Amino acid sequence: MRVSAFCPGHVSCIFEPSVTFNPLSTGSRGMGIRLSLGSTATVEERDDDMVNIFIDGSSSSAHITRMTVNMIAPGRGFDIWIENDLPMSQGFGTSASGALASGIAVASLVGVSRTKAFEAAHMAEVKGGGGMGDVSAIVAGLDVPVRTRAGFPPRGLVENADMKFPTLTLAVLGPKMVTEGILGDNITVNRIRDSGHSTLNSFLEDPSRDMFFRMSNRFSSEIGLESPSVRKAIMRLNADGYNAGMCMLGNSIFTDAPIEKVRSLLGRGNVRAFSCSSSGREIKVTQRV
């Protein structure tokens with residue numbers, strides 16, 4: 001039997017990492033946008049203990065997805081095909097969405113609960129050096145989730161910012177940014193933690209759409225990870241009356257400008273753009289064959 005499942009992606013706009021001895025309590029405070037685009041995983045069980053993973057047509061080690069599957073169904077083998085709507089390592093939460101889609105497909109095959117699959121994906125992200133809060137944010141099922149307490153619920157807490165982005169464009173402006181390398185540098189992490197704490201608290205005092213973008217811009221500027229192309233793109237869109245911010249962590253931006261406007265302002269040859277929206281779409285099995 002083959003089972004397919006879809007999981008939305010997630011753009012983190014502010015994050016404040018928090019590490020404990022318990023991976024379920026480890027994660028981040030922060031805020032972001034849950035996306036209508038994401039990952040679809042198709043899973044078929046094998047008659048041995050091999051786990052073979054293919055991402056967008058190519059064989060991959062996919063260590064976070066592999067860890068997730070091994071926690072859900074230890075000692076069992078699967079062939080897993082993941083198709084991403086968005087590029088990897090550009091701040092769109094693809095490691096989390098791929099792991100979650102694969103996890104619930106495997107859980108459906110072997111009779112394990114969705115909760116166990118979600119917890120496994122969170123722990124794999126934490127242990128494998130992926131996003132520190134994408135899984136919690138995605139599982140919450142909110143258009144704009146705000147992680148007010150780090151960790152996977154109920155240890156963590158995710159609240160509703162009560163806003164939506166019916167028009168959203170994601171634009172990739174440069175090479176991949178490897179999350180594991182950035183979060184492995186103590187000086188950078190301390191700078192991220194300090195700015196994340198301050199900017200999130202400022203947003204929570206005035207949880208408006210304007211403050212969402214203002215604090216996102218302040219955070220990306222303070223942590224020093226904006227590339228020149230990201231800074232230039234944000235300024236150009238702002239000058240034309242649109243809001244924009246950096247996707248964490250990628251050489252990419254999110255904006256409320258329509259896709260054709262983004263291509264016009266930034267240059268078609270300089271940008272890969274994707275049209276989507278914020279989404280509360282459920283993480284769910286989509287097909288059983």
Side-chain angles (χ1 to χ4, degrees), residues 2-12 17 19 23-24 26-28 35 37-110 112 116-136 138-139 152 172 174-185 189 247-252 272 283:
R2 285 192 176 191
V3 174
S4 295
F6 172 81
C7 179
H10 175 255
V11 168
S12 190
V19 178
L24 289 172
T26 295
S28 68
L35 305 173
L37 301 178
S39 302
T40 299
T42 301
V43 176
E44 184 173 23
E45 187 164 13
R46 298 170 56 89
D47 58 6
D48 56 27
D49 61 356
M50 294 287 293
V51 177
N52 299 316
I53 304 173
F54 303 87
I55 298 180
D56 298 327
S58 299
S59 178
S60 174
S61 60
H63 66 288
I64 291 173
T65 293
R66 190 177 302 275
M67 288 172 63
T68 300
V69 171
N70 287 338
M71 281 188 271
I72 296 169
R76 297 173 74 160
F78 303 91
D79 289 325
I80 301 172
W81 298 268
I82 300 172
E83 295 293 331
N84 293 312
D85 297 326
L86 296 163
M88 300 180 68
S89 300
Q90 288 290 1
F92 304 137
T94 52
S95 67
S97 60
L100 281 164
S102 301
I104 66 163
V106 168
S108 176
L109 272 173
V110 303
V112 169
K116 182 173 180 179
F118 294 160
E119 289 178 345
H122 175 84
M123 289 189 288
E125 279 267 278
V126 168
K127 293 178 180 179
M132 295 288 284
D134 287 323
V135 171
S136 295
I138 293 170
V139 168
F152 188 82
V172 177
K176 293 179 179 180
M177 189 176 290
V178 181
T179 300
E180 187 173 1
I182 293 169
L183 296 182
D185 181 84
V189 169
C247 303
M248 299 294 152
L249 291 161
N251 281 309
S252 56
R272 282 187 294 159
I283 307 168

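This one's a predicted model, so the numbers in the text were calculated from it and none came from an experiment. Along the sequence shown, residues carry numbers from 1.
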Margin query: I'd like to know whether L24 forms a side-chain contact (heavy atoms from CB on, under 4.5 Å) with E119, so could you lay out the CA-CA distance, the side-chain angles of the two residues, the decisive distance to 0.1 Å, and finally the verdict.
Written below: CA-CA 7 Å; L24 289 172; E119 289 178 345; 4.1 Å; yes
Next item on the list: Determine, step by step, whether V135 and F152 satisfy the side-chain contact (heavy atoms from CB on, under 4.5 Å) criterion, reporting the C-alpha distance in whole Å, the side-chain angles of both residues, the deciding distance to 0.1 Å, and the verdict.
Entry: CA-CA 8 Å; V135 171; F152 188 82; 4.0 Å; yes
Next item on the list: Begin with the C-alpha distance, continue with both residues' side-chain angles, and end with the deciding distance and a verdict on side-chain contact (heavy atoms from CB on, under 4.5 Å) for M123 and T26.
Entry: CA-CA 9 Å; M123 289 189 288; T26 295; over 6 Å; no
Check: Where do K176 and N251 land on the side-chain contact (heavy atoms from CB on, under 4.5 Å) test, with the steps shown first?
Finding: CA-CA 7 Å; K176 293 179 179 180; N251 281 309; over 6 Å; no
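Going from atom OG1 of T94 over to atom CG of D134 covers 9.0 Å, rounded to the nearest 0.5 Å. From H10, atom NE2 reaches atom SG of C247 across 10.5 Å, with rounding to the nearest 0.5 Å. With rounding to the nearest 0.5 angstrom, the CG atom of L249 is 9.0 Å from the OG atom of S252.
Between D49 and R76 there is no salt bridge, since no side-chain nitrogen of the basic residue lies less than 4.0 Å from a carboxylate oxygen of the acidic one.
Taking each heavy atom of F92 and L35 in turn, the nearest pair found is O-CD1, 4.3 Å. Taking all atoms of both residues into account, the shortest heavy-atom contact from Q90 to G174 is NE2-O, 2.9 Å. Across all their heavy atoms, T68 and A99 have their closest contact at OG1-CB, 3.6 Å. Pairing each heavy atom of K116 with each of I72, the nearest pair is NZ-O, 4.1 Å. Residues V106 and F78 share a closest heavy-atom pair of CG1-CZ, 3.7 Å. Residue L109 comes nearest to E45 through the heavy atom pair CD1-N, 4.1 Å, listed as atom of the first residue, atom of the second, then distance.
Contact of the M248 side chain with the V11 side chain is not registered, since no non-hydrogen atoms from C-beta on lie closer than 4.5 Å. A 4.5 Å side-chain heavy-atom check between P23 and K127 finds at least one atom pair inside the cut-off. Side-chain contact between I104 and F118 is present, with at least one heavy-atom pair separated by less than 4.5 Å. In this structure, E44 and W81 have side chains that are in contact, with non-hydrogen atoms separated by less than 4.5 Å. At least one side-chain heavy atom of I82 sits under 4.5 Å from a side-chain heavy atom of T65. Side-chain contact between S97 and L100 is absent, with no heavy atoms from C-beta onward closer than 4.5 Å.
In terms of modelled atom types and a separation under 3.5 Å, the side chain of E83 and the main chain of A41 share no donor-acceptor contact. Judged purely by atom type and a 3.5 angstrom limit, H122 has no side-chain atom pairing as donor or acceptor with the backbone of S136. The backbone N or O of S4 lies less than 3.5 Å from no partner atom in the side chain of T42, so there is not a single donor-acceptor pair.
Looking only at atom types and distance, the side chain of S95 has a donor-acceptor partner in the side chain of E125 under 3.5 Å away.
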For residues 54-62, dump all side-chain donor-acceptor pairs below 3.5 Å to protein atoms at least two apart in sequence or in another chain.
{"from": "D56", "atom 1": "OD1", "to": "N84", "atom 2": "N", "distance (Å)": "2.8"}
{"from": "S60", "atom 1": "OG", "to": "A62", "atom 2": "N", "distance (Å)": "3.1"}

